[in-house]
Amino acid sequence: MPATNTTARYGFVAKTFHWLTALGILTVIPLGIIANDLPYDTAQQLAEKAWLFSLHKTVGVTLFFVALARILWAIQQPKPVPLHPNRRVETLLAEIVHWLLYGSLVLVPLSGWVHHAATEGFAPIWWPFGQNLPLVPENLSLSETAAGLHVVFERVLIVSLILHIAGAIKHAVIDKDDTLARMLPGRRVGVPPSQYTKRKILPPVLAGVVWAAAISAGSVLGVYQKSIAIAAEASALQQVESDWAVTDGTLGITVQQMGSSVSGSFAEWTADITFDETVGSGVAGTVDVKIAIPSLTLGSVTQQAMGPDYFASAEFPTARFTAELLASETGYLAEGMLTLRGIEHPVSLPFDLAFDGATARVQGATEVDRRTYEIGTGMTDDGQLGFAVSVTVDLTAVRGGDATN
């Protein structure tokens with residue numbers, strides 16, 4: 001069988017690319033659906049879910065490169081002409097569907113890859129070239145947007161695939177022509193009149209219109225930045241009167257999941273602070289921090305973290321840390337109690353303090369054990385979900401005013 005195409009039939013290379021792509025699509029889509037629907041309440045369930053997602057991503061990246069190679073080959077080869085050139089509308093629709101398939105085969109895995117690269121942790125791609133992409137930072141907003149685009153492009157791919165298969169069946173069963181036979185291995189077909197050999201601009205333009213409409217529909221339906229929207233819906237905490245008002249700051253956490261660090265932060269919290277910087281030893285002040293748990297964003301596991309087996313944000317929407325601020329010759333320490341999920345436990349947080357006039361900069365870090373607060377009790381393997389959770393504080397405060405972050 002010749003390797004190259006003619007205006008009458010597809011060559012061996014084009015056929016190989018076609019059926020490799022078909023196999024990839026019929027593998028990667030079910031893998032994604034199954035992995036997405038699996039529960040992850042226990043270590044075993046999370047391991048199975050992560051394994052399937054890794055397989056899904058690895059097949060998807062492979063399919064991306066196969067699709068690129070297929071497209072590069074197709075654009076330099078003659079295209080077999082339609083067997084029914086007089087059916088102009090049908091021919092145009094078929095060409096639009098082909099362009100939708102070609103584009104989707106690039107856009108679906110690429111958007112999924114960007115989502116993966118922009119998200120911290122969970123289900124790595126199985127290959128030796130790293131998990132990042134050039135020019136793609138780890139960024140929640142970018143990750144959520146890419147995830148939404150991945151869903152939209154996948155829907156376009158599925159619809160296009162259904163139309164493509166339906167067209168092939170029509171040609172084979174109703175028209176009884178050689179359209180499908182031209183893509184089957186080892187089949188000889190008749191030579192049609194050499195018409196419509198020029199590539200047209202209208203089909204790819206109309207395919208672009210379909211993608212634009214699909215992207216717009218996704219925006220209307222709110223499929224982009226879902227986790228950010230969830231965080232934005234957190235109930236506002238009441239403002240507090242404080243001797244020191246926080247003007248800028250981050251309250252963050254980092255967990256180890258499947259061997260990777262996953263970091264996040266709370267968008268909404270208040271701090272009632274009293275502090276006397278002239279005290280060199282002993283109690284220099286107090287702090288009362290209230291945290292809106294639903295305002296947490298934690299990479300790809302934000303929604304999981306809000307669930308009843310973890311932060312249980314529906315039942316326990318607020319956490320609280322009350323402490324004395326102790327000064328000594330070696331530095332400062334916030335010594336107090338952290339209440340989380342209705343459980344109170346002592347926590348010590350060492351911190352550095354720097355002053356610039358009436359402005360203070362606080363930087364501190366500590367670790368808590370998630371098991372103390374019955375978070376992820378089903379996850380008994382430290383390698384699956386780390387027991388230690390790093391807590392970091394980095395804030396700037398000025399003397400006087402309201403203190404709501």
Side-chain angles (χ1 to χ4, degrees), residues 1-29 59-85 87-113 153-154 156-172 175 177-212 214:
M1 178 187 300
T4 57
N5 297 353
T6 69
T7 58
R9 48 113 185 107
Y10 292 98
F12 170 76
V13 174
K15 290 182 180 182
T16 301
F17 276 134
H18 178 275
W19 294 110
L20 277 177
T21 302
L23 178 62
I25 293 173
L26 295 177
T27 301
V28 76
I29 292 178
V59 174
V61 169
T62 303
L63 186 59
F64 171 76
F65 288 111
V66 170
L68 283 182
R70 178 183 179 182
I71 292 170
L72 290 173
W73 177 260
I75 60 178
Q76 60 181 316
Q77 290 290 303
K79 183 179 179 181
V81 299
L83 296 182
H84 307 284
R87 301 178 186 176
R88 296 182 179 274
V89 174
E90 181 179 312
T91 300
L92 174 61
L93 292 175
E95 290 178 346
I96 293 172
V97 169
H98 273 98
W99 277 103
L100 288 173
L101 283 171
Y102 278 139
S104 297
L105 288 171
V106 174
L107 294 173
V108 174
L110 181 60
S111 57
W113 198 355
F153 293 144
E154 181 190 50
V156 174
L157 172 61
I158 290 173
V159 172
S160 303
L161 184 62
I162 292 172
L163 292 174
H164 180 67
I165 294 173
I169 293 173
K170 173 186 175 293
H171 281 288
D175 297 337
D177 60 28
D178 290 327
T179 299
L180 176 59
R182 291 195 297 188
M183 192 52 78
L184 296 176
R187 294 290 297 272
R188 293 182 177 274
V189 298
V191 180
S194 58
Q195 303 179 50
Y196 293 89
T197 55
K198 289 185 177 180
R199 300 185 185 274
K200 303 176 181 65
I201 191 63
L202 184 57
V205 170
L206 293 177
V209 171
V210 173
W211 281 313

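Residues take their numbers from the sequence shown, with the count starting at 1. As the structure is a computational prediction, the values presented were derived from the model and not from experiment. Only heavy atoms go into these numbers, but all of them, side chains included; no hydrogens, no water, no symmetry mates.
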- Within a strict 4.5 Å, meaning less than it, do heavy atoms of the P203 and I96 side chains meet? yes
- Note on the structure: Heavy-atom closest pair (P82 atom, R182 atom, distance to 0.1 Å) is CA-NH2, 4.4 Å
- Item | For the student: nearest non-hydrogen atoms of R9 and T4, plus distance | NH1-O, 2.7 Å
- Item | Separation of I25 CD1 from L20 CG (nearest 0.5 Å) | 11.0 Å
- Message: Once salt bridge (charged side-chain N to carboxylate O under 4.0 Å, His left out) is applied, do any residues pair with D175, and if so which ones, sequence neighbours excluded?
- Response: R87, K170
- Item | Nearest-0.5 Å distance, CG of residue D178 to NE2 of residue H171 | 11.0 Å
- Item | Listed partners of F17 passing ring pair (Phe, Tyr, Trp, His ring centres under 6.0 Å), at least two apart | none
- Have a look at V97 and tell me which of V210, L161, L163 forms a side chain to side chain contact (heavy atoms under 4.5 Å, CB included) with it. L163
- Task: Working to the nearest 0.5 Å, report the span between CG of L83 and CG of L180.
- Result: 11.0 Å
- Item | Pairwise distance CD1(I169) to NE2(H164) - rounded to 0.5 angstrom | 10.5 Å
- So, do S160 and W99 sit near enough that their side-chain heavy atoms are less than 4.5 Å apart? no
- Query: Which of these passes side chain to side chain contact (heavy atoms under 4.5 Å, CB included) with F153: V108, L110, I158?
  - Reply: V108
- Query: What pairs meet the side chain to side chain donor-acceptor pair (under 3.5 Å) rule with one or both residues in residues 16-27, with sequence neighbours excluded?
  - Reply: none
- Message: Is the shortest side-chain heavy-atom distance between V61 and P109 below 4.5 Å?
- Response: no
- Message: H84: which residues meet the side chain to side chain donor-acceptor pair (under 3.5 Å) condition with it, sequence neighbours left out?
- Response: D177
- Nearest 0.5 Å please: distance from the CG atom of L107 over to the CG atom of L157. 10.0 Å
- Query: Does A14 have any side-chain contact (heavy atoms from CB on, under 4.5 Å) partners at least two apart in sequence or in another chain, and if so, which?
  - Reply: N5, Y10, W73
- Message: Parallel, tilted or perpendicular, judged at 30° and 60°: which one describes the rings of Y102 and H98?
- Response: tilted
- Task: To the nearest 0.5 angstrom, please state how far the CG atom of L206 sits from the CD1 atom of I201.
- Result: 10.0 Å
- Item | Pairs involving residues 62-71, ordered by first then second residue, that meet salt bridge (Lys or Arg N to Asp or Glu O under 4.0 Å) (sequence neighbours left out) | none
